[in-house]
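Worksheet: one structure, shown below.
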Amino acid sequence: MRWSHYFIPTLREDPADAEVVSHKLLLRSGLIRQLGSGIYSYLPLAQRAVLKIANIIREEMNAVGGQEFYLPALHPAELWQESGRWSIMGQNMFRLKDRKNGDYCLGMTHEEVFTDIARKELRSYKQLPQVWYQIQSKFRDEPRPKSGLLRVRQFTMKDAYSFDIDTDGLDKSFEDQRGAYCRIYERCGLEYVIVEADTGAMGGSASNEFMVYTSAGEDMVASCPECGYAANTEKARSAIPAVDDGPVDLGIEKFPTPGVRTIEDLVTFPGGAVAEKQIKTLVYVSVAEKGNEAQTTPFLALLRGDHPLNEVKLANAVAKLVNKDGWEQTAVRPAHPEEILELMGARAGSLGAVGLTKTWILADEALKGRKNMTTGANEDDHHLRGVSIDRDIRVTSWVDLRTVAEGEGCPDCDGKLRVAKALEVGHIFKLGTKYSDSMGARVLNADGKETSLIMGCYGIGVERILAAAIELHNDESGIIFPVTIAPFQVVVSPLNMKDADLKATADGIYADLGRSGIEALYDDRDERAGVKLNDADLVGFPFQIRIGPKKLKEGKVELYDRATRIAEDVPVESVVEITKQRIADALQKLNG
RNA sequence: CGGGGCGUAGCACAGCCUGGUAGUGCGCUCGGUUUGGGACCGAGAGGUCGGAGGUUCGAAUCCUCUCGCCCCGACCA
């Protein structure tokens with residue numbers, strides 16, 4: 001490929017709209033252009049990289065018995081209504097109508113479509129297991145697209161689904177996928193961690209996320225350097241020291257606290273209490289749907305004064321109370337001020353759960369057995385001290401509601417947790433029978449009885465791998481592509497196209513590289529050396545062959561390694577062979 | 001959905017407060033010089049100032065509405 005006629009619109013300056021490194025570099029290096037908010041066009045270089053990533057994924061999926069499909073992105077609403085996700089997905093789903101006013105949506109994921117095929121075609125346990133996958137566009141109307149390719153509204157996903165007859169089969173399918181995922185990320189040059197994760201709107205039992213540590217990430221991962229425990233903070237647990245409440249049980253006492261509105265206020269208020277001795281009382285609302293009906297249920301969440309609430313944990317906990325008799329929780333949100341006043345008879349700042357029986361009270365486990373606590377009196381400008389949880393508060397359920405913090409104890413060993421930002425590049429779930437039950441996907445087992453298919457689903461964001469690789473591998477000059485996913489493996493740069501010797505040498509090297517099966521880009525542009533070298537560095541081709549006048553007189557050219565920034569002088573006649581070897585070594589290192 | 005910011009040439013921005021000829025740098029085209037880390041000289045092309053309405057003799061500039069984009073938060077397989 002000749003650069004002079006290849007479309008690589010590099011930018012000298014950082015685009016104003018870009019914030020994170022990968023976004024800046026993807027734009028500057030001429031890989032992508034924005035079409036709309038969260039919608040990007042992939043230019044030729046990006047397309048080459050995306051195809052390489054997709055091929056790595058394809059090879060590893062096929063290696064664990066995956067069969068590649070290609071399903072529609074346009075789905076009839078009925079399918080999603082059957083699974084119940086037409087309402088659960090809410091505004092995140094792109095919806096449209098056809099000319100006959102029929103409801104359709106653009107697929108956010110493909111459980112429904114694959115399950116539909118499975119229920120229509122699979123009849124016997126003898127056909128199982130099946131592992132089906134595709135690499136296809138997904139559409140999500142994200143509330144806030146951002147960070148270039150990291151959070152977008154249309155993206156490419158590899159989504160795989162396994163169908164097994166029993167949980168042993170599911171366990172095997174899950175482990176196969178997990179192994180394939182590890183190989184995929186390794187081959188793409190990503191350092192990753194596998195974490196315990198929340199299953200969210202997917203439903204199901206177990207799930208693992210594959211995370212790449214980067215400040216551009218949107219999740220927080222808690223991990224233990226001692227034992228390897230790692231979990232998304234939406235799920236992470238931690239060990240914390242018990243608080244000594246003293247030997248005697250002081251009685252309940254109401255006291256006036258004018259102007260006190262926050263935990264912090266009460267800490268400094270004379271006669272108040274330190275945060276660890278306070279009970280934080282939060283009012284939340286669960287929103288649920290049943291067919292066309294909707295209901296809202298206010299409830300209380302209690303935490304130790306200094307502990308931050310984790311809304312994902314809260315939503316999961318309250319869903320267990322809400323989801324019955326056909327009701328399905330669609331959202332959990334903080335209560336509005338007027339809802340708080342109606343339920344509690346007091347305003348936020350003076351709330352407390354003592355004596356309340358009319359509503360659910362979800363209490364964090366860290367409050368278990370605590371006594372002599374201070375909390376709101378449910379009367380504006382008054383608090384209670386000497387509260388014993390067991391005696392004074394009727395807790396509906398004890399659950400883990402708190403967000404773990406850096407430095408807290410590992411739940412599995414004596415280590416201390418670290419908490420760091422990370423980017424989710426893959427997620428694998430044990431779904432169980434959520435979809436097969438709701439959509440009636442059953443086969444006959446060995447006993448001749450109908451049994452629901454046991455499913456797993458496994459997703460990888462293809463562009464996120466590209467963006468994550470750039471987040472991880474870059475320097476002040478630009479991208480440093482891992483050789484496995486680089487758009488081209490080497491760029492040939494004669495530093496002056498008007499010098500006939502340089503040009504002739506470059507022509508020859510480029511032709512030889514092609515014959516050797518190396519993916520080379522020939523920078524035949526009539527540009528100054530500085531422009532060529534800077535562009536080559538910016539785009540991040542793993543190797544550069546630089547052909548300059550001085551060294552050519554000695555019969556030598558430079559082979560430059562983008563990652564190490566080391567240039568070695570090699571004889572013209574052997575540069576192709578040496579380059580071939582370098583690329584092979586680099587590929588070997590990642591592909592194993 | 002709440003908060004903040006920005007829409008002026010392909011890109012980055014100035015001009016707006018205080019209304020009166022639409023500018024700068026990079027990029028682009030042509031000619032010349034130059035050629036190992038984003039050259040130089042000369043000559044050019046390129047803009048309904050996001051859109052609509054209003055105020056005014058006159059609007060990029062003031063007012064109203066609207067659309068789009070970015071950031072923070074909320075939200076989020």
Side-chain angles (χ1 to χ4, degrees), chain A residues 9-20 23-24 27-28 30 33-39 85 88-93 107-111 138-148 150-153 155 157-161 197-204 207-210 218-219 232 234 287 311-312 315 330-334 336 424-431 434-435 456-461 464 476-478 493-499 502-503 525-538 544 546-552 557-558 560 565 567 569:
Chain A
T10 58
L11 302 173
R12 187 181 295 218
E13 295 170 85
D14 274 340
D17 283 347
E19 199 77 12
V20 304
H23 190 194
K24 286 181 187 170
L27 288 167
R28 277 194 62 203
R33 285 294 183 266
Q34 182 173 32
L35 183 61
S37 180
I39 312 174
R85 294 206 296 177
I88 288 178
M89 288 308 185
Q91 293 205 292
N92 255 26
M93 187 151 68
M108 306 174 67
T109 170
H110 282 75
E111 279 77 11
K138 299 284 185 276
F139 299 86
R140 296 179 187 185
D141 194 359
E142 293 287 346
R144 187 150 99 77
K146 61 172 185 175
S147 305
L150 293 182
R151 180 159 293 277
V152 290
R153 299 198 292 173
F155 60 101
M157 175 184 265
K158 185 288 299 179
D159 48 324
Y161 305 83
D198 178 64
T199 53
M202 298 299 308
S207 88
N208 283 162
E209 283 171 335
F210 291 75
E218 299 180 292
D219 288 286
N232 193 307
E234 293 176 350
V287 183
E311 290 196 355
V312 174
T330 55
V332 169
R333 59 167 172 83
H336 304 139
E424 178 186 353
V425 291
H427 203 158
I428 58 179
F429 298 83
K430 290 185 182 177
L431 285 177
K434 177 182 160 86
Y435 295 90
C457 80
Y458 318 92
I460 289 181
R464 274 197 182 181
E476 64 285 352
S477 300
S493 304
L495 297 180
N496 180 359
M497 284 302 283
K498 293 214 170 78
D499 182 321
L502 298 191
K503 181 176 179 304
R525 295 175 300 168
D526 186 15
E527 289 285 355
R528 298 175 66 82
V531 173
K532 293 189 172 198
L533 297 177
N534 279 315
D535 272 348
D537 283 351
L538 175 62
Q544 301 170 18
R546 300 170 168 180
I547 304 158
K550 281 188 206 130
K551 285 174 183 169
L552 188 58
V557 296
E558 277 175 17
Y560 177 83
R565 311 207 77 153
D569 295 342

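Letters go in sequence order (proteins before strands), and every chain restarts at 1. Please read these numbers as outputs of a predicted model, since none were measured by experiment.
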Exercise. Can you name the side-chain contact (heavy atoms from CB on, under 4.5 Å) partners of A:Ala18, sequence neighbours left out?
Worked result: A:His23, A:Lys24, A:Leu27

For this session: Classify the nucleic acid contact of A:Ser147 as base, sugar-phosphate or nothing, counting any heavy atom under 4.0 Å across all strands shown.
Result: sugar-phosphate

Problem set entry | C1' gap between B:C69 and B:G50, integer Å | 10 Å

Exercise. Using atom P of each nucleotide, how far apart are B:C62 and B:C17 to the nearest Å?
Worked result: 5 Å

Exercise. Counting only Watson-Crick or G-U wobble pairs whose two distances fall under 3.5 Å, which nucleotide matches B:G68?
Worked result: B:C6

For this session: Searching all strands shown, indicate the nucleotide that pairs with B:G53 (Watson-Crick or G-U wobble; both distances under 3.5 Å).
Result: B:C63

For this session: Mind checking the CZ-CG spacing from A:Arg528 to A:Asn496? Nearest 0.5 Å is all I need.
Result: 9.5 Å

Exercise. Can you check the A:Arg33 CZ to B:G10 C1' distance for me, whole Å?
Worked result: 10 Å

Exercise. Side chain to side chain donor-acceptor pair (under 3.5 Å) with A:Lys498: which residues, sequence neighbours excluded?
Worked result: A:Asp526

For this session: Determine the Euclidean distance between corresponding P atoms of B:C26 and B:A43; express it in Å to zero decimal places.
Result: 15 Å

Problem set entry | Atom pair distance, as rounded to whole Å: CG in A:Leu533 and P in B:G38 | 9 Å

Exercise. Does a distance-only test, which skips hydrogens and angles, find a donor-acceptor pair under 3.5 Å between the side chain of A:Arg546 and the base of B:G37?
Worked result: yes

Problem set entry | Under 3.5 Å: donor-acceptor pair, side chain of A:Lys158, backbone of A:Tyr458 | yes

For this session: Scan A:Glu218 against the nucleic acid and name what it touches under 4.0 Å (heavy atoms): base, sugar-phosphate only, or nothing.
Result: nothing

Exercise. Within the distance-only criterion (no hydrogens, no angle test), does the side chain of A:Arg546 pair as donor or acceptor with the backbone N or O of A:Glu558 below 3.5 angstrom?
Worked result: no

Exercise. Which part of the nucleic acid, if any, lies within reach of A:Met108 when heavy atoms closer than 4.0 Å are counted: base, sugar-phosphate only, or nothing?
Worked result: base

For this session: Scan A:Asp499 against the nucleic acid and name what it touches under 4.0 Å (heavy atoms): base, sugar-phosphate only, or nothing.
Result: nothing

Exercise. Which base, if any, makes a Watson-Crick or G-U wobble pair with B:C16, both distances under 3.5 Å?
Worked result: none

Problem set entry | B:G73 - base-pair partner by Watson-Crick or wobble geometry, distances under 3.5 Å | B:C1

Exercise. So what does A:Arg153 hit on the nucleic acid, given a heavy-atom distance under 4.0 Å: a base, only sugar-phosphate, or nothing?
Worked result: nothing

Problem set entry | Rounded distance in Å between the P positions of B:C49 and B:A9 | 10 Å

Seminar exercise, completed: Any strand, both distances under 3.5 Å, Watson-Crick or G-U wobble: B:G36 pairs with none

Seminar exercise, completed: Sorted by chain and residue number, the side-chain contact (heavy atoms from CB on, under 4.5 Å) partners of A:Ser37 (sequence neighbours excluded) come out as A:Pro145, A:Arg153

Exercise. With sequence neighbours left out, what residues match A:Asp219 under side-chain contact (heavy atoms from CB on, under 4.5 Å)?
Worked result: A:Met211, A:Asn232, A:Glu234, A:Glu424

Exercise. When you compare B:G10 with B:G5, how far apart are their C1' atoms, in angstrom units rounded to a whole number?
Worked result: 24 Å

Exercise. Paired with B:U48 by Watson-Crick or G-U wobble geometry, both distances under 3.5 Å: which nucleotide is it?
Worked result: none

Seminar exercise, completed: Checking B:U35, B:C72, B:C76 against the side chain of A:Lys498 (C-beta onward), the nearest is B:U35

Exercise. Is a donor-acceptor pair below 3.5 Å formed from side chain A:Asn496 to base B:G36, judging by atom type as modelled?
Worked result: no

Exercise. Counting any heavy atom closer than 4.0 Å, what does A:Asp159 reach on the DNA or RNA strands: base, sugar-phosphate only, or nothing?
Worked result: nothing

Exercise. Taking N and O atoms by type only, does the side chain of A:Arg144 place a donor or acceptor under 3.5 Å from a partner on the base of B:C76?
Worked result: no

Problem set entry | N or O in side chain of A:Ser37 less than 4.0 angstrom from B:G68 OP1/OP2 | no

For this session: List for me each residue that meets side chain to side chain donor-acceptor pair (under 3.5 Å) alongside A:Glu527, sequence neighbours excluded, and say none if there are none.
Result: none

Exercise. A:Ile39 CD1 to B:G68 P: how many Å, rounded?
Worked result: 11 Å

Exercise. Should the pair A:Arg28-A:Glu13 be classified as a salt bridge under the 4.0 Å nitrogen-to-oxygen rule?
Worked result: no

Problem set entry | Given RNA chain B, 5'-ward residue of the pair A:Gln34 and A:Arg525, judged by closest heavy atom | A:Arg525

For this session: Mind calculating the distance between CZ (A:Arg140) and C1' (B:C76) to the nearest angstrom?
Result: 9 Å

Problem set entry | Pairing partner (Watson-Crick or G-U wobble, both distances under 3.5 angstrom) of B:G31 | B:C41

Exercise. In the strands shown, is B:C11 matched to any nucleotide by a Watson-Crick or G-U wobble pair with both distances under 3.5 Å, and which?
Worked result: B:G25

For this session: Between B:G73 and B:G19, how far apart are the P atoms? Round to whole Å, please.
Result: 40 Å

Problem set entry | Footprint string (nucleotides 39-46 of chain B, 5' to 3'): B base within contact, S backbone only, - free, heavy atoms under 4.0 Å | B-------

Exercise. Could you state the NZ-P distance from A:Lys532 to B:G37, rounded to the nearest angstrom?
Worked result: 13 Å

For this session: Verify, without hydrogens or angle tests, whether A:Thr10 (side chain) and A:Asp535 (backbone) share a donor-acceptor contact under 3.5 angstrom.
Result: no

Problem set entry | B:C41 and B:C16, which share atom name P, separated by this distance in whole Å | 30 Å

Exercise. Ion pair present between A:Arg464 and A:Glu209, side-chain N to carboxylate O less than 4.0 angstrom?
Worked result: no

For this session: Starting from P on B:G37, measure out to OH on A:Tyr560 and report it in whole angstrom.
Result: 13 Å

Problem set entry | For A:Gln91, all residues meeting side chain to side chain donor-acceptor pair (under 3.5 Å), sequence neighbours excluded | none

Exercise. Mind checking the P distance from B:G54 to B:G42? Whole angstroms is fine.
Worked result: 47 Å

For this session: Measure the distance from CG on A:Leu538 to C1' on B:G27 and round it to the nearest whole Å.
Result: 15 Å

Got a list of protein N/O to nucleotides 11-13 of chain B N/O distances below 3.5 Å?
{"unit_1": "B:A12", "atom_1": "OP1", "unit_2": "A:Ala16", "atom_2": "N", "d": "3.3"}

Exercise. Donor-acceptor pair under 3.5 Å: do we get one between A:Glu527's side chain and the base of B:G38?
Worked result: no

Exercise. With a 4.0 Å cut-off on heavy atoms, is A:Pro549 in touch with a base, just the backbone sugar-phosphate, or nothing at all?
Worked result: base

Problem set entry | Phosphate contact (B:C1 OP1 or OP2) by A:Gln91 side-chain N/O below 4.0 Å | no

Exercise. In chain order, what residues pass the side chain to side chain donor-acceptor pair (under 3.5 Å) check against A:Lys138, with sequence neighbours excluded?
Worked result: A:His110, A:Asp159

For this session: Can you tell me the distance, in whole Å, between the CD atom of A:Glu19 and the P atom of B:G73?
Result: 11 Å

